[in-house]
Every structure is written in C-alpha cells, then in structure tokens.
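Written below as structure tokens is the structure these notes are about.
Order of the sequence lines fixes the chain letters, A, B, ..., with proteins taken first and strands second; residue numbering starts at 1 for each chain. Please read all numbers here as calculations on a predicted model, not as lab measurements.
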Amino acid sequence: MKLIVHDLGPEGALALAAKTEGIFSLFDARPPARPCLGCFRCWTETPGICVIADRARDFAPRLARATELWVISRLVFGGLAPEVKAILDRSIGYILPFFRIEAGLTRHVPRYGASLSLAYYFLAEDATAPERELARQLARANGRNLGAREAKVVFFPRWEELLARWDEL
Amino acid sequence: MKIALLGGSPKPNGGSSAIILEALRASFAGAAEISAASLLRDGPQASLPPLYGAAAWVLAAPLYVDSLPSHVIRFLEETGEFFERPENASAPRPRLYAIVNCGFYEARQNALAIAALKLFAERSAFPWGRALGIGAGALWERFSPGSWFTRGAAGALAELARDALALAGGEDLFVTANMPRLLYYWGANRSWRALAREKGLKPDALRRAPYS
Ligand SMILES: Cc1cc2nc3c(=O)[nH]c(=O)nc-3n(C[C@H](O)[C@H](O)[C@H](O)COP(=O)(O)O)c2cc1C
C-alpha cells in the first residue's frame with residue numbers, strides 16, 4: 001500500500017484526493033493531533049499501539065502495511081511542520097525499542113518485516129539553501145532510522161505546483 | 001539579568017530535560033533571576049510572562065524522530081509569529097541556548113535538531129548563544145546528578161551555563177555518556193524488558209506486530 005501523510009488545507013486535500021484516488025491512502029495531519037507524551041507505552045505496555053486515543057492512532061495500522069510513505073509538509077526550520085511531525089512522533093511503535101549496531105551505526109530493530117521507501121515533498125515559497133540542506137539531512141536520518149530503502153526529497157513552492165508535476169514524481 | 005528555562009520534554013515530570021535544567025538552575029543561583037516554563041503544559045505562546053523580557057532562553061528538549069518534538073516546533077513557529085507582530089517587531093530578542101538529548105548513544109544525532117533551532121533563530125532574528133547535544137540522555141533520568149556516567153555532559157553543561165551568564169556564544173558541544181556504547185545498549189535493551197515485565201508482559205510480547 002502507498003500512504004501519504006500531508007498538511008494541505010481542505011482545498012489542497014481535495015485536489016490531492018482527486019489525483020491519488022485508488023492509488024494512495026491519504027492521512028490528513030490536520031486538524032492537529034495531540035502531541036506524543038514521551039511515555040513509551042507504545043513500546044512497553046501496548047506494543048505497537050499508542051495509548052493516546054485520538055485520530056493519530058489510525059496512522060500506525062496504515063504505516064505498518066505501507067510499502068511507500070510520502071510525506072507532504074510545509075517546510076518549517078528545515079524540517080516538518082508541527083502537524084505532520086506530531087503524526088510521526090506518535091508512530092514510533094512502528095519500530096521496536098531494541099537497539100542494534102549495524103555497520104557501525106545505531107539502529108532500532110524493525111517491528112514489521114517489509115521495508116519502506118520514503119519520499120518527502122516540502123512546500124515553501126521562501127526556503128533558504130541551509131533550510132533545504134537540513135531537510136535533505138533529516139530525510140536521510142529518518143530513512144536510516146525507519147529502516148527505509150531510500151528517502152527522496154523534492155521542494156515545491158506550493159501544493160498547486162506539486163500537483164501539477166504529480167505525474168513526474 | 002533574567003534567564004528563562006524552557007522545558008521541551010512532554011513527560012509529566014519533565015524527563016531528562018527537566019533534570020538538565022535543574023542542574024543549570026543550580027549553577028545560575030545567585031547570578032541570575034530564573035523563570036521557567038514547560039512548553040507543553042504552559043502552552044506554546046511566547047508571550048508567556050516568564051519568557052518575555054528574559055535576556056537568555058535556555059531550551060532543553062529531547063530528540064524525536066531525528067528532530068524537535070512537534071510541540072516544540074509549534075512553539076518556535078508561534079514565537080516567530082509573535083515577534084513579527086508590528087507591536088513586537090522592535091522588542092529585544094533573548095539570546096538562545098539549547099540542550100538537546102537523545103536516546104541513541106551518539107551525541108551527534110542531535111545535530112539536526114540543533115541546526116533547526118539555529119534556522120529558527122536566524123529567521124526570527126534571535127541572537128544565537130550556544131548548543132549542547134547529549135547522547136545516551138536517558139542516563140540523566142536514571143542516575144542521580146553528579147553520577148560518573150553523566151560527568152562529561154555535566155562539564156559541558158557547566159560551560160554552556162557560564163556562556164549563558166555572560167551572554168556569550170561558542171561552538172556546538174557534543175558529549176555522550178562515560179560508558180562504552182555496547183554497555184549502554186545492553187542496559188537499555190535490558191530495561192525495556194524489565195519495563196514490560198512490570199506491566200505484566202512477557203519479554204517476547206514487546207515484539208508483537210498488532211497491525212501485520
Ligand atoms: C516519539 C519519540 C521519538 C524519539 N526519537 C528519537 C530519535 O530519533 N533518536 C534518538 O536518539 N532518540 C529518540 N528518542 C528518545 C529520546 O530522545 C530519549 O528518550 C530522551 O532521553 C528523552 O528526553 P526527555 O526525558 O527529556 O524527554 C525518541 C523518543 C520518543 C518518545
């Protein structure tokens with residue numbers, strides 16, 4: 001399954017749904033979900049399941065079955081917007097708490113077998129070069145830590161341009 | 001001089017970040033007027049009385065998914081918007097100091113979150129102070145302050161505290177535990193199993209895949 005998490009407003013979300021119908025499962029990061037509380041109960045008490053009962057909890061089952069995750073987010077300080085970030089923070093049950101060292105680097109052990117391919121589409125009209133560079137580094141780090149095969153990064157000024165170039169992505 | 005301590009951990013007790021800020025508070029004692037806020041509990045507005053008007057902000061936060069926790073990003077965005085308002089445009093900005101701690105052993109894992117804080121400072125015209133990235137941060141919660149294992153990071157924290165009092169800056173600091181990496185991971189893996197047992201789960205249950 002291909003999964004998209006995005007923070008487009010209502011209009012963008014409708015346009016995205018029209019483009020992706022039947023191909024992607026969409027997850028709207030707005031209205032904002034409650035932030036992760038750092039309790040780790042998704043690792044130690046209800047393994048794989050966040051204990052906060054709100055909409056963000058529906059993301060984990062979809063992520064578990066996804067082969068591709070596309071993240072569409074406003075670029076904020078070289079990273080994800082808070083709404084999208086909250087969904088990812090709430091999803092660490094996707095991996096296991098256990099650490100292992102692989103090729104000299106620390107990783108978490110995956111909970112689910114299939115490995116993910118990741119793509120980040122950042123939206124910003126005035127992104128600076130250092131902000132773009134940090135976003136690329138973040139995607140690489142997320143890819144490594146989520147056990148992804150690859151982590152693609154593309155920038156667009158607005159969602160309209162992203163959707164206009166959809167067939168090239 | 002006024003210094004504001006900003007707690008960026010969402011844990012109810014403030015986690016390792018709160019312990020790190022307490023250590024800082026002790027080293028500021030008598031030299032600065034300290035105020036504190038928890039970014040999750042006290043709400044994200046930069047207009048929080050304890051924050052507004054301080055000469056320095058010292059933010060301590062955990063690393064979440066290779067970057068800042070969502071509520072900290074939200075706080076920074078709202079802070080930027082607050083200072084952009086015409087009535088605040090010429091308000092003095094505090095100098096920003098930051099301590100980011102992570103679960104991985106390598107202190108450098110925190111570099112991306114620190115870079116994001118610098119980009120925030122640049123966009124919002126906050127003068128930059130200094131940052132410290134702490135690896136194996138969970139040890140701060142586990143061992144008492146002054147423990148051998150966190151001694152290196154405590155030294156770096158003291159350096160950052162001196163800089164903050166002088167409103168001075170410096171290179172990023174990255175310090176991990178006084179403990180070999182394998183030992184830290186062995187202890188961490190063991191404590192996940194111990195926590196599970198406390199909740200009545202068999203260690204194998206931690207590997208459940210409820211959605212496969
Ligand atoms: C949602 C979530 C995401 C995390 N992501 C990372 C990570 O990407 N890298 C890392 O080293 N530690 C990560 N951690 C571990 C925390 O950074 C670590 O437990 C830290 O010591 C918590 O600090 P605190 O007690 O101040 O909240 C994560 C923890 C949580 C709850």
- Message: Give me the atom names and distance for the closest heavy-atom approach of Y211(B) to G48(A).
- Response: CE1-O, 3.6 Å
- Query: How far does CZ of R74(A) sit from CD1 of I73(B), to the nearest 0.5 angstrom?
  - Reply: 10.0 Å
- Residue, of A188(B), P69(B), A113(B), that accumulates the most heavy atom pairs under 4.5 Å with chain A: P69(B)
- Message: So, taking the atom named CZ in R208(B) and the one named CG in L96(A), what distance separates them when rounded to the nearest 0.5 Å?
- Response: 12.5 Å
- Contact class of R34(A) relative to chain B, heavy atoms under 4.5 angstrom: neither
- Query: Looking at NE2 of H71(B) and CG of D89(A), how far apart are the two atoms once the value is rounded to the nearest 0.5 Å?
  - Reply: 9.0 Å
- How far does CH2 of W192(B) sit from OG1 of T44(A), to the nearest 0.5 angstrom? 7.0 Å
- In terms of heavy-atom pairs under 4.5 Å with chain A, the winner among K118(B), E198(B), R123(B) is R123(B)
- Item | Best-contacting candidate, G15(B), A116(B), G103(B), P12(B), against chain A by heavy atom pairs under 4.5 angstrom | A116(B)
- Message: Which atoms of E106(B) are under 4.5 Å from chain A, going by heavy atoms: the side chain, the backbone, both sets, or neither?
- Response: side chain
- Item | Interface moiety of V109(A) toward chain B, non-hydrogen atoms closer than 4.5 Å | side chain
- Which atom pair, heavy atoms only, marks the closest approach of P35(A) to L40(B)? CG-CD1, 3.5 Å
- Message: So, taking the atom named CZ in F40(A) and the one named NZ in K11(B), what distance separates them when rounded to the nearest 0.5 Å?
- Response: 5.5 Å
- Item | Greatest number of heavy atom pairs closer than 4.5 Å to chain B - which of I92(A), L88(A), V76(A), V84(A) | V76(A)
- Look at the side chain of R181(B) and the backbone N and O of I101(A), then say whether any donor-acceptor pair between them is shorter than 3.5 Å. no
- Query: Between the main-chain N or O of S212(B) and the side-chain N or O of R65(A), is there a donor-acceptor pair closer than 3.5 Å?
  - Reply: no
- Task: Counting only heavy atoms closer than 4.5 Å, note whether L146(A) contacts chain B via side chain, backbone, both or neither.
- Result: neither
- Message: So which residue, A64(A), G78(A), P61(A), A81(A), ends up with the most heavy-atom pairs under 4.5 Å with chain B?
- Response: P61(A)
- Task: Please flag which part of C36(A) lies under 4.5 Å from any non-hydrogen atom of chain B: side chain, backbone, both or neither.
- Result: both
- Item | Per-residue contact mode, R207(B) against chain A (heavy atom under 4.5 angstrom) | both
- Using a cut-off of under 4.5 Å for heavy-atom pairs, which of R144(A), R41(A), Q137(A), E131(A) has the most such pairs with chain B? E131(A)
- Message: Between H108(A) and F104(B), does the side chain to side chain contact (heavy atoms under 4.5 Å, CB included) criterion hold? Intermediate values first, please.
- Response: CA-CA 9 Å; H108(A) 282 285; F104(B) 280 1; 3.2 Å; yes
- So which part of E122(B) gets closer than 4.5 Å to some heavy atom of chain A, the side chain, the backbone, both or neither? neither
- Query: Side-chain contact, heavy-atom cut-off 4.5 Å: T106(A) with Y185(B)?
  - Reply: yes
- Query: So which of L195(B), L201(B), L117(B), V72(B) has the biggest tally of heavy-atom pairs under 4.5 Å with chain A?
  - Reply: L201(B)
- Query: If you count the non-hydrogen atoms of other residues, nucleotides and ligands that lie under 6.0 Å from CD in E21(A), is the total more than 12?
  - Reply: no
- Message: Within a 6.0 Å radius of atom CZ on R108(B), are there more than 12 heavy atoms belonging to other residues, nucleotides or ligands?
- Response: no
- Query: Heavy-atom count around R190(B) CZ within 6.0 Å, excluding the residue itself: above 12?
  - Reply: no
- What are the two closest non-hydrogen atoms of L37(A) and Y64(B), and how far apart are they? C-OH, 4.3 Å
- Test item: K85(A) side-chain N/O and L68(B) main-chain N/O as donor-acceptor pair under 3.5 Å: yes
- Can you name the closest pair of heavy atoms from P47(A) and A205(B) and give their distance? CG-O, 3.2 Å
- Task: I would like to know whether D66(B) and R140(A) meet salt bridge (charged side-chain N to carboxylate O under 4.0 Å, His left out); could you show each step before the answer?
- Result: CA-CA 10 Å; D66(B) 304 303; R140(A) 263 199 300 280; over 6 Å; no
- Item | Y112(A), part contacting chain B, at a heavy-atom distance under 4.5 Å | side chain
- Parallel, tilted or perpendicular: ring planes of F120(B) versus F77(A), cut at 30 and 60 degrees: perpendicular
- Message: Does atom CZ (R93(B)) have a neighbourhood of more than 12 heavy atoms from anything else shown, all under 6.0 Å?
- Response: yes
- What distance separates E45(A) CD from L206(B) CG, expressed to the nearest 0.5 Å? 11.5 Å
- Run through N142(A), N145(A), L138(A), L80(A) and flag the one making a side chain to side chain contact (heavy atoms under 4.5 Å, CB included) with V65(B). N142(A)
- Task: Might you point out which heavy atoms bring L119(B) and P130(A) nearest each other, and give the distance in Å?
- Result: CD2-CB, 3.9 Å
- What one should report as the nearest heavy-atom pair of P210(B) and I49(A) is CG-CG1, 3.8 Å
